[in-house]
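Shown next, in structure tokens, is the structure this report addresses.
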Amino acid sequence: NAGVTQTPKFRVLKTGQSMTLLCAQDMNHEYMYWYRQDPGMGLRLIHYSVGEGTTAKGEVPDGYNVSRLKKQNFLLGLESAAPSQTSVYFCASSSQANEKLFFGSGTQLSVL
Amino acid sequence: RKEVEQDPGPFNVPEGATVAFNCTYSNSASQSFFWYRQDCRKEPKLLMSVYSSGNEDGRFTAQLNRASQYISLLIRDSKLSDSATYLCVVFPMIGGYNKLIFGAGTRLAVHP
């Protein structure tokens, strides 16, 4: 009964380093999303995907890249981390665009 | 003006109290509305959808006022376990899968 699994749960980076966050879902959902959550600002959409092989920009895409090579996986990459990318990142998936979102447990990222 | 606005709180209420939160949205074409609950340092989870006619789930009642562009959440007989942040979520338009908008949340603290 895994649902949506995110790895890693915590990470500390130095400015300029790169990393990839992995999101995996086992519900056969078409839609997958990456959000970031900052204090007082709510969840903001970074990138999303409406199916295998597709990706699109959300509200705050700069500094991030994504890939959806397999339906069950959605990767979020930071090529050159900046302190402004310190945040909590949540992956989510859904069966339809306006249906219930299932979230992963989050990744706390700190960029020093 | 933010697309979705919520009073951040915190709302501090005793057990057994009734408490209500409002959430206003700016896009009159918004089609779907939800309330999510988020516990501290955890992922958001769907509490309930909000239907045009209003809907109830146990102690929780959600209402939509399209004319004034707000949704509300009423919690009756508050429990200690209701302490959490409540996120208002609005889906602005049909097919706009990239625009699921989250409010910043209203924090509720229920005390003995």
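Numbers restart at 1 for each chain; the letters A, B, ... are given by sequence-line order, proteins then strands.
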Separation between CZ of A:Arg44 and CD1 of B:Ile101, rounded to the nearest 0.5 Å: 11.5 Å

Value rounded to 0.5 Å, distance of OG1 in B:Thr85 from CD in A:Gln37: 8.5 Å

Toward chain A, the part of B:Gln38 with a non-hydrogen atom under 4.5 Å: side chain

B:Lys45, NZ atom: more than 12 neighbouring heavy atoms under 6.0 Å: no

Residues, nucleotides or ligands: over 12 heavy atoms within 6.0 Å of B:Gln63 CD: no

Atom pair OH/CG of A:Tyr35 and B:Leu100 - distance to nearest 0.5 Å: 4.5 Å

Greater than 12 external heavy atoms within 6.0 Å of A:Glu79's CD: no

Other residues, nucleotides, ligands: >12 heavy atoms within 6.0 Å of B:Arg107 CZ: no

Single-linkage hydrophobic cluster, 4.5 Å side-chain cutoff, A:Val4 and B:Leu87 together: no

Gap between atom OH of B:Tyr36 and atom CG of A:Leu43 - 0.5 Å precision: 10.0 Å

Residue part contacting chain A, namely of B:Pro44, when any heavy atom lies under 4.5 Å: both

Top contributor to chain B interface from A:Gly106, A:Ser105, A:Ala92 [non-hydrogen pairs under 4.5 Å]: A:Ser105

Side chains of A:Gln6 and B:Glu43, donor plus acceptor under 3.5 Å: no

Cluster check A:Leu21, A:Phe103: I/L/V/M/F/W/Y, side chain < 4.5 angstrom: no

